[in-house]
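These values consider heavy atoms only, across backbone and side chains, with no hydrogens, waters or symmetry-generated copies. Predicted model only: the values in this text are computed from it and were never measured.
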Amino acid sequence: MEIRLRNELTQKAIAVECAEWIRRKQARFMSFQNDNGLSPFLGVQGEGGTTAYMPFQEFSTTQLGVSHRASSYPGVAKMDAVQARGFIDQFDQARDSGQLQDVTQTVLDNIEQMYRENPPELVYYMALYRIFSEFLEDIDEDVLPKEGTGYRESVIWNKLYDFQRDAVLAIINKLETFNGCILADSVGLGKTFTALAVIKYFEARNRNVLVLCPKKLKDNWMTFRSNVVNNPLRDDRLRYDVLFHTDLSRSKGPSNMGIDIGLVDWGNYDLVVIDESHNFRNGNDSAAKADDKENRYQKLLEKVIRRGVRTKVLMLSATPVNNRFRDLQNQLALAYEGNDDDWTKKLGLTTDIDTVFRNAQKAYGAWAKLDPEERTTKNLMDRLDFDFFKVLDQVTVARSRRHIKRYYDMNAIGSFPERLKPQTIRPKLSTQPDAVTYDRIYDELERLRLALYMPSEFLHESARSKYFDRDEIEGLTTSGRETGVRKLMATNLLKRFESSVHSFRVTLKRVYGYMDETVKVIDKYEQYRNEHRSLGMFDRIDTDRFDQGFDLDRDDAEEIEFTTQGKTQFALSDMDWKSWRSYIQADMRVIRELLAMIRDIDPEHDAKLQRLYRTIRDKQEHPINEGNRKILVFTAFADTADYLYEHVSEYAKTLGLETAEVTGSRPGRCTVRKVGGDMGDILACFSPESKERNVTDPRLKDCDIDILIATDCISEGQNLQDCDMMVNYDIHWNPVRIVQRFGRVDRIGSTNQRIQLVNYWPDMDLDKYLRLKDRVEARMRLTVMTSTGDDDYINENEHGDLAYREKQLRQMQNEIPDLEGVEGGISITDLGLNEFRMDLVEYHKANPDIEHVPTGINAIVRGADPGILFVLRNVNDAVNIGGRNQIHPYYLVYVRDDGEILHGHLEPKACLDLMRSLCKGKDEYDPKLCAAYNKATRNGKDMSHASKLLEAAVGGIIRQDEQSAVDSLFGDGLSTFLDPGVQGLDDFELVCFLVIQGKEA
């Protein structure tokens, strides 16, 4: 059928008429079995004699010269009768000699497919074949999962949901093709189990596997490889090694596996799985410049990946990008081993990877300067170029919870629980009347200058060369370190005050102790100078220990790891020690006043602790889900966790509840004696269903824990969905952490219908609270001498960052966003197309005839938004402006019945996701739907409504193309702007279309 006819969408009716005509006229179609020397011609025999035309390549209106595009073909000459007779004779000879075969039935079959009812699955796979046929041609069996390994019979494979199995197949393909992949599925989607299935596949192929994880996740990974009763996968006999991120920095000493680190053959691993790979996002940037030592990233690259056997790298992280795309590049560089030439070729990029990410970061920089309301993910995606999406598509697997809910069968998976609106609680500091307020403490905290942490600022100018190199690289390192540590100490005080009065008191005393000790050293030095008139060198101050022993939250702990390089010992004789002492003493006076203000706030008068008791009691009296008594309480600090456990456990006993605590820094505690302090046992007793406790560890049966108090040591990698209430006893300053915490209970497969988040905020106006946080962070970047706290020291770029962080925290007041839904953040979820390629590979193995399905077919399905999803192919030379259409020359557009475009051609992923969810697995058509549609269209004769929607689809492409061309004038330059774009309907061939009918159809 011709392009023009297909675009009129009457091909069904025309196909019916054509098939009837062939049968009525008993027309025959024949085809040469092999190549022949007969020139193609059109021969006509009739009453008027014999006529021939040549050259003649195809039987179409264009070749016949009646189409407006006929000018694109060479001229056709009419032969005289003698010449025509000669061509006809040649044809007759070929037919009589058996060179031709009758293909009439094949032609009829193809024509009939145009008007027979098609199963939705056929249309989906036909679209995939047309779009990804090149991938099918290029793919090597070596990069596809080997069925002979038996991985589909493993215990782990049969525990996976469909979306996890899709990920496993895609990851294996990416690892075999590119040697690396990042699995960045959102929180609560079971990345660990997905990775275990990949590990099982490689182990079945006799490959050595190493899991590199943070120490806090040791129990998870060790359990799954051990022959213990609490391992649900023990029959799979996994044998991978488990080492910690920190082991990369060690050269000796015992490892987690029981062997000396110095004996580990780091270069003998075929696959390395890096859990929480975002810990390596700083790459070489975090190398210690002062002593030129290798950092963990460099050691991973040199020890494990470059040395020995060819190593594949699977990285797991829900947050592979923090606030720059270089984070992602540094992790991916582990897969291409710092040399991207091979990858550039394999990925089909137009430039090298460094340039791709540099351009992406440039786009991000421009986006970051926008007003908060304009900083949407869509706006950012529109600014990124095609090469960046190519990289994401081919070496990442990243699906959001929203994607899983929308495009997978939730009946088979089990639904996510309903999120109730967050409860916002703002308790006062004390239950006593006229007690100190949050505002008063905050005002006092702002007086602190924390000069203790800025000794280099008090160096005499003449002595600076002793400590800083001429090029001042180390000088910058030292001052940068001091500024960073000072900022962390200031924010740490603020965070601990918001956490609990107890934690705040402990920290104040610790800081005061360091200050007092330093002042005593200075006093002693002054006395020595006066008595001996000497500039002796006993006076060295080692500031490195001023930040040791602090209980930092997780983000601050990560940050301080990268800010503690540089020289930290200073001779007092080289300093203005009198000024330094004066500033420290001023801070000590502020701390004494602060301690006096909170002296009377004991547990009995701690309003926040008393309010937590009420939250616990209310939960028992009014359960969210019948019979569920469980509460998970998160705090950023171990000091607060200890304080809460000591008092909450006593209160909980009065309600018949058992309590436990895990902090990760030491063994846990539990009021159930039989459970003990093992974190794995505590978590299993807190969430026995999700941890399969009664099967894996029957000795702990009936040892249930009702309240768990924890730090962020369990905010990732734990399934605790037996619980239906999570309390943030302190609000983490990073909204992503809040989402990760809630992800422990907000998980797929939860047996709870509803879940509740409770947030404890300081008792003050939200606007003032947010401004205070921003001001404290900004002020601590400045020098001590100029720090008055009166001015706004936030620079222009920081304003944008602070503004969107404010927006995120405001968002938390009323809703619980998914990780990728946190406003103003960067997410790479839902951008890849690999699962569709893998669908096609699987289908094509069993149905190779898909390549012979004619274009123009359609199918009918039910869906939420009635309309038509068109699959088009661009048949002219129009440029893919800005490289923005990932699947050019194919264009997918979903148009609603009212003509509104729901998904345009720059959203191929959304269109294919929709087709997949509506069509996959439906290998038979719906007779009722088809009958209703045929009646409405008079069996395909009246396609006026569909034609209008097709015009709307093409019109949308034209409008977007024109806008892209204008944008390119200011970006890519005049050449792109002048390239021919899409002109109209004639530029497209209709590949197929999916009619989506509503419930009333």
Side-chain angles (χ1 to χ4, degrees), residues 149-169 171 183 185 187-204 209-211 213 216-242 256-257 271 273 275 314 316 412-414 416 630 632 660 662 668 674-676 678-705 708 714 716-723 743-752:
T149 59
Y151 68 94
R152 292 180 189 266
E153 283 74 55
S154 63
V155 176
I156 180 63
W157 178 266
N158 287 287
K159 282 186 175 289
L160 299 182
Y161 297 117
D162 285 347
F163 73 89
Q164 290 172 308
R165 291 178 177 179
D166 285 345
V168 170
L169 297 177
I171 290 166
L183 173 59
D185 279 352
V187 172
L189 295 182
K191 289 183 288 296
T192 300
F193 263 46
T194 301
L196 285 166
V198 174
I199 291 172
K200 177 61 182 173
Y201 171 79
F202 279 94
E203 289 192 352
V209 181
L210 168 66
V211 172
C213 68
K216 66 180 181 180
L217 296 182
K218 175 191 78 169
D219 292 342
N220 263 14
W221 289 104
M222 287 301 293
T223 298
F224 293 129
R225 70 174 301 280
S226 304
N227 184 27
V228 291
V229 293
N230 63 332
N231 177 12
L233 308 178
R234 58 184 178 275
D235 289 343
D236 276 344
R237 302 186 178 184
L238 295 164
R239 55 181 174 81
Y240 56 84
D241 291 344
V242 180
N256 175 58
M257 303 300 298
L271 172 67
V273 177
D275 199 1
L314 172 58
L316 313 180
I413 294 173
F416 285 97
K630 297 186 183 295
L632 173 58
V662 290
K674 193 174 177 181
V675 175
D678 180 79
M679 182 188 288
D681 290 347
I682 288 174
L683 297 182
C685 291
F686 179 66
S687 191
E689 291 294 325
S690 69
K691 296 288 187 181
E692 301 183 358
R693 179 199 62 188
N694 294 350
V695 175
T696 59
D697 202 350
R699 70 184 175 85
L700 294 175
K701 189 176 181 180
D702 300 325
C703 295
D704 286 357
I705 294 169
L708 177 62
I714 64 163
E716 291 181 291
Q718 297 294 348
N719 305 336
L720 304 174
Q721 60 261 40
D722 290 21
C723 178
R744 301 315 98 217
V745 302
D746 185 15
R747 301 185 74 81
I748 209 158
S750 171
T751 56
N752 295 307

* Asked: Would a 4.5 Å heavy-atom cut-off, applied to side chains only, mark P688 and D704 as touching?
  -> yes
* **Expected output: side-chain D185 to main-chain G190 donor-acceptor under 3.5 Å** => no
* With a 4.5 Å limit on heavy-atom distance, are the side chains of W221 and Y240 in contact? -> yes
* Determine the minimum heavy-atom distance between I705 and K630, stating which atoms define it. => O-NZ, 2.7 Å
* Structure fact -> Applying salt bridge (charged side-chain N to carboxylate O under 4.0 Å, His left out) to R747 and not counting sequence neighbours gives none
* **Test salt bridge (charged side-chain N to carboxylate O under 4.0 Å, His left out) applied to E689 - qualifying residues, sequence neighbours left out** => none
* Do the non-hydrogen side-chain atoms of P232 and K159 ever get within less than 4.5 Å of each other? -> yes
* Structure fact -> Residues passing the side-chain contact (heavy atoms from CB on, under 4.5 Å) test with T194, sequence neighbours excluded, are Q164, A167, V168, I171, L183
* Asked: What pairs with R152 under side-chain hydrogen bond (donor to acceptor under 3.5 Å, both in side chains), at least two apart in sequence or on another chain?
  -> E147
* Asked: Can you check side chain to side chain contact (heavy atoms under 4.5 Å, CB included) on I714 and L708, steps first, answer last?
  -> CA-CA 11 Å; I714 64 163; L708 177 62; 3.9 Å; yes
* To do: Dump the intermediate steps for side chain to side chain contact (heavy atoms under 4.5 Å, CB included) on R693 and C685, then the final yes or no.
  => CA-CA 7 Å; R693 179 199 62 188; C685 291; 4.0 Å; yes
* Asked: Taking all non-hydrogen atoms of both residues, which atom of L632 and which atom of V745 are closest, and how far apart?
  -> CD2-CG1, 4.2 Å
* **Check against side chain to side chain contact (heavy atoms under 4.5 Å, CB included), L210 and L271** => CA-CA 6 Å; L210 168 66; L271 172 67; over 6 Å; no
* Structure fact -> Residues passing the side-chain contact (heavy atoms from CB on, under 4.5 Å) test with D235, sequence neighbours excluded, are V155
* Asked: Quick one: does N719's side chain get under 4.5 Å of T192's, heavy atoms only?
  -> no
* **V273 side chain reached by F202 side chain, heavy atoms, under 4.5 Å** => no
* **Partners meeting salt bridge (charged side-chain N to carboxylate O under 4.0 Å, His left out) with K674 (sequence neighbours left out)** => none
* To do: Would you indicate whether the side-chain heavy atoms of F416 and S750 approach each other to under 4.5 Å?
  => no
* To do: Return the set of residues passing side-chain contact (heavy atoms from CB on, under 4.5 Å) with D681 (not counting sequence neighbours), or none when no residue passes.
  => V675, D678, D697, R699, L700
* Under a 4.0 Å N-O cut-off, is there an ion pair linking R225 with E203? -> no
* **Any donor-acceptor N or O pair under 3.5 Å, side chains K691, Q718** => yes
* Structure fact -> Sequence neighbours excluded, the answer for ring pair (Phe, Tyr, Trp, His ring centres under 6.0 Å) partners of F193 is F224
* Distance-only, no hydrogens or angles: does the N256 side chain make a donor-acceptor pair with backbone N or O of V242 under 3.5 Å? -> yes
* **Which residues share a side-chain hydrogen bond (donor to acceptor under 3.5 Å, both in side chains) with S690, sequence neighbours left out** => S687
* Structure fact -> Those residues at least two apart in sequence (or on a different chain) that pass side-chain hydrogen bond (donor to acceptor under 3.5 Å, both in side chains) with D241 are Y269
* **Minimum-distance pair of heavy atoms, taken over all atoms of A197 and L160** => CB-CD1, 3.6 Å
* Within a radius of less than 6.0 Å around CG of N227, do more than 12 heavy atoms belonging to other residues, nucleotides or ligands occur? -> no
* Structure fact -> By salt bridge (charged side-chain N to carboxylate O under 4.0 Å, His left out), D722 pairs with (sequence neighbours left out) none
* Student check: side-chain heavy atoms of K218 and V211 closer than 4.5 Å -> no
* Kindly write out the residues that satisfy side-chain contact (heavy atoms from CB on, under 4.5 Å) with S154, not counting sequence neighbours, or none if the list is empty. => I156, W157, K200, D236
